[in-house]
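Beneath this line is the structure, given in structure tokens, with notes to follow.
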Amino acid sequence: MPKKILVIDDEPLILIAVEKALSKVGYQIVKAVDMKELGAALKEGPYDMLITDVNMAGDTVENIIRKVRKHSPSVRVLRMSGSSFKKSSDHFIEKPFRIDELRKKVRDILNEPS
């Protein structure tokens with residue numbers, strides 16, 4: 001069974017890039033571009049991983065993570081940002097990112113072999 005990943009970003013091109021990069025290596029991707037789509041996507045869970053932009057209109061990254069964890073308590077989280085977000089952990093990737101860098105982060109966070 002492929003790992004299921006929820007990706008939230010308000011930039012459609014980022015959503016497309018993440019989906020292509022990760023679905024090619026066997027992950028199942030569900031995308032949300034805003035809080036309305038997030039609500040619909042939560043019904044498709046549970047998720048193994050959440051990849052979220054830290055700057056989303058309509059809610060804070062902490063609230064987004066909290067909402068997802070209500071439906072997927074053990075979800076792993078990867079934050080991404082193109083702004084000067086303070087890198088607080090290894091569970092962060094800066095945009096723009098390289099495809100191989102994204103795949104490696106996801107594998108590492110999900111504790112999967114490369």
Side-chain angles (χ1 to χ4, degrees):
M1 184 94 174
K3 298 279 187 187
K4 197 169 187 180
I5 300 175
L6 175 57
V7 185
I8 306 169
D9 199 300
D10 53 8
E11 296 176 58
L13 291 176
I14 295 291
L15 289 174
I16 291 166
V18 171
E19 180 179 38
K20 280 186 178 177
L22 297 178
S23 62
K24 278 188 179 171
V25 291
Y27 295 106
Q28 182 181 349
I29 307 300
V30 176
K31 303 176 296 196
V33 73
D34 56 26
M35 295 307 107
K36 182 179 176 191
E37 285 189 10
L38 171 60
L42 288 175
K43 295 175 184 142
E44 296 182 41
Y47 294 97
D48 298 292
M49 184 172 200
L50 165 66
I51 301 175
T52 181
D53 189 359
V54 298
N55 298 307
M56 287 294 295
D59 217 336
T60 65
V61 69
E62 291 80 15
N63 279 339
I64 290 169
I65 294 168
R66 205 171 299 119
K67 285 176 186 174
V68 174
R69 284 214 165 116
K70 279 184 187 171
H71 298 266
S72 304
S74 61
V75 74
R76 308 275 174 94
V77 179
L78 175 61
R79 292 169 177 84
M80 60 183 169
S81 178
S83 67
S84 57
F85 177 75
K86 299 273 187 289
K87 183 180 171 181
S88 59
S89 73
D90 290 336
H91 295 207
F92 175 80
I93 192 165
E94 188 173 350
K95 297 188 285 187
F97 46 79
R98 293 189 335 269
I99 297 303
D100 58 333
E101 179 188 11
L102 173 66
R103 288 176 177 161
K104 181 180 183 338
K105 287 249 184 213
V106 169
R107 273 194 315 267
D108 290 350
I109 292 169
L110 291 172
N111 295 316
E112 294 188 324
S114 40

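All values derive from a computational prediction rather than experimental measurement. Starting from 1, each residue takes its place in the sequence as its number.
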*Is the shortest heavy-atom distance from the side chain of L38 to the side chain of V68 under 4.5 Å?*
yes
*Nearest heavy-atom neighbours spanning S81 and V54*: CB-CG2, 3.3 Å
*Does any non-hydrogen side-chain atom of I14 lie less than 4.5 Å from one of D53?*
no
*asked:* Tell me whether K104 is salt-bridged to D108, with the criterion being a basic N under 4.0 Å from an acidic carboxylate O.
replied: yes
_Exercise: identify the closest heavy-atom pair between I29 and S23_ = CG1-N, 4.2 Å
*Check: M80 and T52 side chains under 4.5 Å, non-hydrogen atoms*: no
*Please answer: with hydrophobic residues joined when any side-chain heavy atoms are less than 4.5 Å apart, are L22 and L15 in the same cluster?*
yes
*ILVMFWY cluster, L102 and V77 together (side-chain gap under 4.5 Å)*: no
*Side chain proximity check, L50 to L78, heavy atoms < 4.5 angstrom*: no
_Heavy-atom closest pair, residues R103 and K20_ = NH2-O, 4.4 Å
*same_hphob_cluster(V33, I5) at 4.5 Å side-chain heavy-atom cutoff*: yes
*Please determine if K31 and E37 form a salt bridge, counting it only when a charged side-chain N lies under 4.0 Å from a carboxylate O.*
no
*So do the side chains of R107 and V25 get within less than 4.5 Å of each other, counting heavy atoms only?*
no
*Measure the spacing between NZ of K105 and CG of L110 and express it to the nearest 0.5 Å.*
13.0 Å
*asked:* Regarding D100 and R98, does a basic nitrogen lie under 4.0 Å from an acidic carboxylate oxygen?
replied: yes
*Are the side chains of L6 and M49 in touch, meaning some heavy atoms are under 4.5 Å apart?*
no
*Closest approach of S72 to P46 (non-hydrogen atoms, all atoms of both residues)*: OG-CA, 3.2 Å
_Close side-chain approach of I65 to R79, heavy-atom, < 4.5 Å_ = yes
*With the threshold set at 4.0 Å, does a side-chain nitrogen-carboxylate oxygen contact exist between K4 and E44?*
no
*Side-chain H-bond candidate by donor/acceptor type, Y27 with E112, under 3.5 Å*: yes
*Is there side-chain contact between D10 and D34, with at least one heavy-atom pair below 4.5 Å?*
no
*Taking all non-hydrogen atoms of both residues into account, name the closest pair between Y47 and V30 and its distance.*
OH-CG1, 3.4 Å
